[in-house]
**Student:** 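Would you mind keeping the following structure in view while I ask a few things?
Nothing fancy with the numbering, it's 1 onward along the sequence. Both counts, for ligands and for their atoms, begin at 1 and track the order of listing.
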Amino acid sequence: MPKAFFIDTTKCTACRGCQVGCKEWKNLPAVPTKQTGTHQNPPDLNPFNLKLVRFSEHMDKNGVVSWYFFPDQCRHCLEAPCKQASSVEGSILHDEATGAVIYTEKTAQEDFEVIHGACPYDIPRLNPATKQIVKCDMCIDRVRANLLPMCVKSCAMGAMNFGERADMLKMAADRLASVRKRFPKAQLCNPDDVAVIFLVADEPKKYHAFAVAEGPQLLTRKQVLAGLASPLRRAARTLRG
Ligand code: SF4
Ligand code: SF4
Ligand code: SF4
């Protein structure tokens, strides 16, 4: 049975337990970082941070400031655009049993810009030393051993959930109905397309520019291969500042 995550951002306190748990389980090294005016650290996903809690501040018309938290990671798309854009046999796998999209060492033979450009969620990163493209692998080793992904295991607030897709969809729908009573704009992010389903209480773009898929996912494979998705992402980055 395919698996799924349900990430309830309304329960997230930005403790970064998931971010640290991921880094520890994957035995990823420390990297130089810098502050950018928020508590988001490091500033972005990188080859050694496959999970990142994104922070953003918003002020309403009454001057009340809210903090939005978004524990970002690969969405394990059901029809993964990155896999569709792959030109190297065996470099990007879709595990049928779990639904995990897995990058292998053969990604070193891929054109990073093509794979990165195909992802509507701005996820893949290039390891400069190995030339491999990397991202979250759903903790496939743990899941195959009937253990929770480490980011889920590390979350004490119940924001990170993992299980059978049908169960996660039911949990997400029930929680959405409850949250909407207080936050009418609450929604699920691309629940029909991904295995990592986020619940946000406000417009997704206020959490993260790539919280929901737009543009590149609508392009044909031929256009993706032509690299048209990258300029779209760059334009969005420019708008994001
Ligand atoms: Fe691939 Fe991006 Fe989807 Fe992850 S989120 S499976 S990297 S297209
Ligand atoms: Fe990291 Fe594993 Fe969570 Fe993916 S599933 S973000 S690899 S801890
Ligand atoms: Fe949020 Fe849970 Fe991650 Fe803490 S561990 S940052 S509460 S999702």
**Student:** Give the ring-plane orientation class for Phe55 versus Phe69, where under 30° counts as parallel, over 60° as perpendicular and anything between as tilted.
**Tutor:**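 Rings of Phe55 and Phe69: perpendicular, as their planes differ by over 60°.
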**Student:** Under 4.0 Å from a heavy atom of Pro81: give me the atoms of ligand 1 that qualify, with their elements.
**Tutor:**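 Reading through ligand 1 atom by atom, the close ones are 8 (S).
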**Student:** Which one holds for Lys26 and ligand 2: side chain close, backbone close, both close, or neither close, with close meaning a heavy atom under 4.0 Å?
**Tutor:**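 The answer is the side chain of Lys26.
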**Student:** I'd like to check which ligand 1 atoms, numbered from 1 as shown, lie under 4.0 Å from a non-hydrogen atom of Cys77.
**Tutor:**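 Numbered from 1, ligand 1 contributes 3 (Fe), 5 (S), 6 (S), 8 (S).
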**Student:** Considering only protein heavy atoms, which is closest to atom 1 (Fe) of ligand 3, and at what distance to one decimal place?
**Tutor:**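 That would be Cys12 SG, 2.4 Å.
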**Student:** Please state which option from Gly158, Ala14, Cys18, Cys155 has its nearest heavy atom closest to atom 3 (Fe) of ligand 3.
**Tutor:**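 Heavy atom nearest to atom 3 (Fe) of ligand 3 belongs to Cys18.
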**Student:** Record the part of Phe210 in heavy-atom contact with ligand 1 below 4.0 Å; permitted values are side chain, backbone, both and neither.
**Tutor:**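 For Phe210, no heavy atom sits under 4.0 Å from ligand 1.
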**Student:** Got a sec: does the NZ of Lys153 have more than 12 other heavy atoms crowding it under 6.0 Å?
**Tutor:**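 No, the 6.0 Å shell around NZ holds no more than 12 heavy atoms from other groups.
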**Student:** Among all protein heavy atoms, pick the one closest to atom 5 (S) of ligand 1 and tell me residue, atom and distance.
**Tutor:**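 Its nearest protein heavy-atom neighbour is Arg75 N, 3.4 Å.
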**Student:** Go through ligand 1 atom by atom and flag the ones less than 4.0 Å from a non-hydrogen atom of Cys82.
**Tutor:**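 So the atoms of ligand 1 that pass are 1 (Fe), 6 (S), 7 (S), 8 (S).
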**Student:** Heavy-atom contacts under 4.0 Å between Val53 and ligand 3: side chain, backbone, both, or neither?
**Tutor:**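 Only the side chain of Val53 comes within reach of ligand 3.
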**Student:** Using only atom types and a distance under 3.5 Å, with no angle test, would you say the side chain of Asp122 pairs donor to acceptor with the backbone of Phe210?
**Tutor:**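 Pair absent, no side-chain N/O of Asp122 close to backbone of Phe210.
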**Student:** Measure Met138 to ligand 2 on non-hydrogen atoms and call it side chain, backbone, both or neither using the 4.0 Å cut-off.
**Tutor:**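 Under 4.0 Å from ligand 2, Met138 contributes backbone atoms alone.
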**Student:** Name the closest protein heavy atom to atom 2 (Fe) of ligand 2, giving the residue it belongs to and the distance to 0.1 Å.
**Tutor:**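 Result for atom 2 (Fe) of ligand 2: Cys139 SG, 2.3 Å.
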**Student:** May I ask you to identify, for Arg16, whether its side chain, its backbone, both or neither come under 4.0 Å of ligand 3 on a heavy-atom basis?
**Tutor:**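 Answer for Arg16: backbone.
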**Student:** Is it true that some N/O/S atom of Cys151, main chain or side chain, lies under 2.8 Å from atom 3 (Fe) of ligand 2?
**Tutor:**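 A backbone or side-chain N, O or S atom of Cys151 is under 2.8 Å from atom 3 (Fe) of ligand 2.
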**Student:** Only heavy atoms count here, so choose which of Pro149, Ala100, Pro71, Cys136 is nearest to atom 4 (Fe) of ligand 2.
**Tutor:**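 The nearest heavy atom belongs to Cys136.
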**Student:** Verify whether one side chain among Thr10 and Arg182 offers a donor that lies under 3.5 Å from an acceptor in the other.
**Tutor:**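 Thr10 vs Arg182: no donor-acceptor pair found between side chains.
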**Student:** Within the 4.0 Å heavy-atom shell around Met160, which atoms of ligand 3 are there?
**Tutor:**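 Those of ligand 3 that fall under 4.0 Å from Met160 are 8 (S).
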**Student:** What verdict does the side-chain contact (heavy atoms from CB on, under 4.5 Å) test give for Arg144 and Asp95, after you've listed the backbone C-alpha separation in whole Å, the side-chain angles of each residue and the deciding distance to 0.1 Å?
**Tutor:** CA-CA 11 Å; Arg144 283 177 175 156; Asp95 182 55; 3.1 Å; yes
**Student:** Can you name the atoms of ligand 1, numbered from 1 with element, that are less than 4.0 Å from a heavy atom of Tyr121?
**Tutor:**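 Per the distance check, 5 (S).
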**Student:** Between Lys135 and ligand 1, which part of the residue brings a heavy atom under 4.0 Å of the ligand: side chain, backbone, both or neither?
**Tutor:**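 Side chain only; the backbone of Lys135 stays clear of ligand 1.
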**Student:** Taking only heavy atoms of Met157, which atoms of ligand 3 are found under 4.0 Å from at least one of them?
**Tutor:**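 Listed by number with element, the hits are 7 (S).
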**Student:** Please name the residue in the list Lys106, Glu110, Gln132, Gln109 that meets the side-chain hydrogen bond (donor to acceptor under 3.5 Å, both in side chains) test with Ser91.
**Tutor:**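 Considering Lys106, Glu110, Gln132, Gln109, a side-chain hydrogen bond (donor to acceptor under 3.5 Å, both in side chains) with Ser91 is found only for Glu110.
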